[in-house]
**Student:** 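The structure that follows is given in the form of C-alpha cells.
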Amino acid sequence: MPELPEVETTCRGIAPSLVGRRVERVVVRERRLRWPVPRGLEGRLTGRAITSVRRRAKYLLIGTEAGTLIAHLGMSGSLRVLDQDAPTIAHDHVDIVLDSGRCLRFNDPRRFGCLLWVEGDPTRHALLAGLGPEPLEEGFGGDYLWSRARGRRVAIKLFIMNAQVVVGVGNIYASEALFRAGIRPSTPACRVSRQRMQALAAAISDVLGEAIKVGGTTLRDYVNPDGLPGYFRQRLFVYERAGEPCRRCRTPIRQVVQGQRSTYYCPRCQQ
DNA sequence: ATGGGCACCTGGCTGC
DNA sequence: TGCAGCCAGGTGCCCA
C-alpha cells in the first residue's frame with residue numbers, strides 16, 4: 001500500500017496523537033519483520049515521551065529523548081492510532097501504548113516492513129545515510145536529475161525509483177510521472193535530455209504532491225487500511241490500465257515488465 | 001561503480 | 001469446492 005503519499009499521510013495522521021505523549025508499554029506479538037524487532041525495544045521505549053514524528057523517504061521517524069523508532073511499512077504495512085483495548089486482527093504485530101489510553105498499532109501482513117531503534121542522529125543510520133533528496137524539497141529538480149544521470153544506462157523508470165537518486169518514487173507514481181512527462185520508461189537515463197529531465201522532475205513533484213493532497217483530505221487521525229487511499233486511483237493515467245484507451249489519445253495502454261515490476265505507458269504519448 | 005536478479009512474506013484473484 | 005499459479009504499492013543484498 002504505502003508509497004510516499006501514503007507514508008506522508010500516515011505521518012501527518014498519527015503525529016498529533018503521539019507528540020507529547022509518554023509510552024506506557026510496548027506489546028510485541030510478532031518480532032519477525034524484515035529485520036527482527038530488536039530485543040529490548042520495549043525497555044527503550046517504555047516511559048519515554050515522544051518528541052517528534054517525521055518522515056524521511058518512506059521511513060517514519062518517531063523521536064523520543066532517548067532515541068528514535070524507525071518504522072517502514074514495506075508493501076503491506078500500516079500504522080494506526082486506536083484505543084488501547086481495541087480488538088486485534090490478524091497481523092497486528094506491535095502496539096505502542098500511550099498514556100492517553102490510545103495506542104499506535106503496527107499491522108503488516110507480508111512483514112516486509114520493519115521497526116528499528118537508533119540512538120543519536122537517525123539520518124546517520126545505514127538505511128538513511130545514502131538516500132537522495134526528497135522530491136518535494138530543495139535540491140531536487142531537472143538539473144539535479146540530469147547531472148545524476150550522466151553515464152547511467154539504466155532505464156529511466158528504474159533510475160527514478162532508485163532511492164539513492166531521489167526518494168519516494170514508487171511503482172505507481174513512477175509510471176504516472178513518466179506519462180505526464182511524455183517519456184518512454186525504457187529510455188536509458190543518460191539519453192533523457194536536460195529539458196525532458198526538467199519536465200520529469202516537475203511531473204514527479206506534481207504527482208506526489210497531488211496524491212498527498214488527496215490522501216490528506218481522506219484521512220485524519222487514522223490510516224486507511226485498504227488499497228490506494230481514497231481518490232487518487234481515479235486520477236491515474238496509466239497504472240493498472242493495460243489495454244484501456246489512453247486518456248489523452250485513446251491508444252491502448254501497454255504493460256511491460258522492468259526490474260520484475262509492471263510498468264504502464266502509452267506508446268503514442270511517450271516516445 | 002553499475003546493473004541485474006533474488007530474497008523476504010501473505011493474501012487475493014484467476015482458471016482449470 | 002479445491003488448488004495451483006500468478007500477481008501485488010518495497011528495497012537490501014549478492015553476484016557478475
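Here is the naming used below: chain letters follow the sequence lines, and residue numbers restart at 1 for every chain.
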**Student:** Using the P atom as the point on both nucleotides, what is the distance between dC6(B) and dC6(C), in whole Å?
**Tutor:**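 Rounded to whole Å, the distance is 14 Å.
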**Student:** Please tell me which of the listed nucleotides, dG10(C), dT10(B), dA8(C), lies nearest to the side chain of R111(A)?
**Tutor:**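 It is dT10(B).
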**Student:** Ignoring the backbone of V154(A), work out which of dG12(C), dA8(C), dG3(B) is nearest its side chain.
**Tutor:**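 Closest nucleotide to the V154(A) side chain: dG3(B).
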**Student:** With a cut-off of less than 4.0 Å, is there a side-chain N or O of H72(A) near OP1 or OP2 of dG10(C)?
**Tutor:**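 It does not, given that no N or O in the side chain of H72(A) lies less than 4.0 Å from OP1 or OP2 of dG10(C).
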**Student:** Whether S262(A) contacts dA8(C) is assessed here as follows: a side-chain N or O lying under 4.0 Å from the phosphate OP1 or OP2. Is that the case?
**Tutor:**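 Looking at the OP1 and OP2 atoms of dA8(C), one of them is under 4.0 Å from a side-chain N or O of S262(A).
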**Student:** For DNA chain B, whose closest nucleotide is more 5', that of R153(A) or that of F112(A)?
**Tutor:**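 Its nucleotide being nearer the 5' end, the pick is R153(A).
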**Student:** Considering only dG12(C), dC6(B), dG10(C), which nucleotide approaches the side chain of N171(A) most closely?
**Tutor:**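 Side chain of N171(A) sits closest to dG10(C).
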**Student:** Hey, is the side chain of R261(A) poking within less than 4.0 Å of OP1 or OP2 on dG10(C), counting only N and O atoms?
**Tutor:**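 So the side chain of R261(A) is within the cut-off, an N or O lying under 4.0 Å from OP1 or OP2 of dG10(C).
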**Student:** Is a salt bridge present between R31(A) and E42(A), judged by a nitrogen-to-oxygen distance below 4.0 Å?
**Tutor:**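 So R31(A) pairs with E42(A) through a salt bridge.
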**Student:** Would you measure the distance from the P atom in dC7(C) across to the matching atom in dG5(B) and give it in whole Å?
**Tutor:**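 Result for the P pair: 16 Å, nearest Å.
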**Student:** May I ask you to decide if the ring planes of Y264(A) and Y239(A) are parallel, tilted or perpendicular, using 30° and 60° as cut-offs?
**Tutor:**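 Correct class here is perpendicular.
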**Student:** Y264(A) has a side chain; which of dA8(C), dG10(C), dG12(C) sits nearest to it?
**Tutor:**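 That would be dA8(C).
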**Student:** I want to check one thing: is the phosphate of dC9(B), taken as OP1 and OP2, less than 4.0 Å away from some side-chain N or O of H91(A)?
**Tutor:**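 No, no such contact exists.
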**Student:** Would you please confirm or rule out a distance under 4.0 Å between OP1 or OP2 of dG9(C) and any side-chain N or O of Y239(A)?
**Tutor:**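 Yes.
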**Student:** Which base sits across from dG9(C) as a Watson-Crick or G-U pair, both distances under 3.5 Å?
**Tutor:**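 Matched dG9(C) with nothing under the 3.5 Å cut-off.
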**Student:** Considering only NZ, NE, NH1 and NH2 on the basic side and carboxylate oxygens on the acidic side, decide whether R25(A) and D95(A) come within less than 4.0 Å.
**Tutor:**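 Looking at R25(A) and D95(A), the cut-off is not met.
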**Student:** Check if the side chain of R34(A) and the base of dT11(C) share a donor-acceptor pair of N or O atoms closer than 3.5 Å.
**Tutor:**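 Such a pair exists between side chain and base.
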**Student:** With nearest nucleotide decided by heavy atoms, which residue, Q260(A) or R152(A), maps closer to the 5′ end of DNA chain B?
**Tutor:**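 Nearest-nucleotide comparison on DNA chain B picks R152(A).
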**Student:** Please state whether the base of dA8(C) and the side chain of R110(A) form at least one donor-acceptor pair under 3.5 Å?
**Tutor:**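 For R110(A), whose side chain was compared with the base of dA8(C), there is a donor-acceptor pair (under 3.5 Å).
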**Student:** Would E6(A) and K58(A) pass as an ion pair if we require N to O under 4.0 Å?
**Tutor:**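 Here E6(A) does not pair with K58(A) in a salt bridge, since their nearest N and O are not under 4.0 Å apart.
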